[in-house]
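Values reported hereafter were calculated over all heavy atoms of this structure, with side chains retained and with hydrogens, waters and symmetry mates removed. The model shown is predicted, which means the values in this text are computed figures rather than measured ones.
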Amino acid sequence: MSENCIFCGIVAGTIPSTQVASDDRAIAFMDINPATRGHLLVIPRTHSTDLREASAEDLTAATLLAQSLVARVIERLDADGANLLSCIGADAWQSVFHTHLHVIPRYKDDPLQLPWHPTSGDLEEINATAAKLS
């Protein structure tokens with residue numbers, strides 16, 4: 001637990017949340033700033049800043065819980081799809097520094113848009129970057 005972490009407070013029960021699912025390693029609750037109806041957050045119970053620090057067991061538990069919730073929002077909320085999002089670092093829009101996954105139901109006419117406009121990349125640069133990552 002991290003003293004100043006709002007999500008650790010949710011895990012501890014000292015900060016209220018609207019939980020929808022949990023297991024011994026992860027919990028899911030409604031996002032209080034939803035992008036769309038049914039927007040959920042899934043977090044490991046154990047504090048880690050982001051997925052780089054989270055244990056494989058915690059990531060597995062959170063991902064499996066998110067998977068079940070994607071199915072649930074599509075089935076029960078009549079969502080047309082869902083986005084699964086993890087922001088890592090402030091420049092990538094992470095605002096709470098506790099590993100978490102956003103499950104964002106998508107609806108045909110919802111207002112959300114991709115944060116970038118996909119365009120063809122430079123193949124030489126793509127290959128050079130791939131070489132650095134391989």
Side-chain angles (χ1 to χ4, degrees):
M1 292 284 171
S2 175
E3 266 184 50
N4 299 321
C5 175
I6 188 170
F7 288 172
C8 286
I10 289 171
V11 170
T14 59
I15 295 175
S17 68
T18 306
Q19 293 187 30
V20 298
S22 66
D23 62 27
D24 61 329
R25 295 194 82 92
I27 65 171
F29 51 92
M30 302 303 296
D31 193 315
I32 61 170
N33 299 301
T36 64
R37 183 173 63 92
H39 183 166
L40 300 155
L41 298 172
V42 181
I43 66 170
R45 290 182 182 274
T46 302
H47 183 83
S48 57
T49 300
D50 58 47
L51 66 82
R52 295 172 298 171
E53 293 180 2
S55 72
E57 295 81 10
D58 285 342
L59 283 177
T60 298
T63 302
L64 291 173
L65 187 55
Q67 179 186 40
S68 71
L69 291 166
V70 165
R72 198 179 298 181
V73 299
I74 290 172
E75 179 183 310
R76 297 184 189 177
L77 300 180
D78 293 322
D80 298 305
N83 289 117
L84 185 61
L85 174 68
S86 180
C87 302
I88 301 163
D91 288 334
W93 312 309
Q94 185 177 8
S95 59
V96 177
F97 292 88
H98 181 120
T99 301
H100 60 286
L101 302 171
H102 293 261
V103 176
I104 306 170
R106 298 305 306 267
Y107 304 95
K108 182 180 179 190
D109 295 320
D110 73 39
L112 289 184
Q113 297 181 5
L114 282 173
W116 73 93
H117 299 284
T119 58
S120 296
D122 177 293
L123 190 55
E124 189 174 304
E125 182 181 344
I126 291 169
N127 288 333
T129 301
K132 288 182 179 181
L133 297 173
S134 297

Nearest non-hydrogen partners of [X] and [Y], listed with the distance:
X   : Y   : result
V11 : P44 : CG2-O, 4.4 Å
D23 : R45 : O-NE, 2.8 Å
A54 : T99 : CB-OG1, 4.0 Å
S22 : I27 : CB-CG2, 3.6 Å

- Who else is in the cluster with V42 when I, L, V, M, F, W and Y are joined by side-chain contacts under 4.5 Å? V20, M30, L40, L65, L69, V70, V73, I74, L77, L84, L101, V103, Y107
Supply the atom-to-atom distance [X] [atom1] to [Y] [atom2], rounded to the nearest 0.5 angstrom.
X   : Y   : atom1 : atom2 : result
L59 : L51 : CG    : CG    : 6.0 Å
H39 : D31 : NE2   : CG    : 4.0 Å
C5  : I15 : SG    : CD1   : 8.0 Å
L41 : S17 : CG    : OG    : 10.0 Å

- Item | salt_bridge(R106, D80) N-O dist < 4.0 Å | no
- Do you reckon I6 sits in the same ILVMFWY cluster as F29, going by side-chain contacts under 4.5 Å, direct or chained? yes
- Message: Test your reading of the model: is there a side-chain donor-acceptor pair from R37 to the backbone of P105, 3.5 Å cut-off?
- Response: no
Got a list of side-chain donor-acceptor pairs under 3.5 Å for residues 90-97, not counting sequence neighbours?
from : atom 1 : to  : atom 2 : distance (Å)
Q94  : OE1    : G89 : N      : 2.8
Q94  : NE2    : T49 : O      : 2.9
Q94  : NE2    : V96 : O      : 3.1

- Does any pair with a residue in residues 44-75 pass ring pair (Phe, Tyr, Trp, His ring centres under 6.0 Å), and if so which ones, sequence neighbours excluded? H47-H98
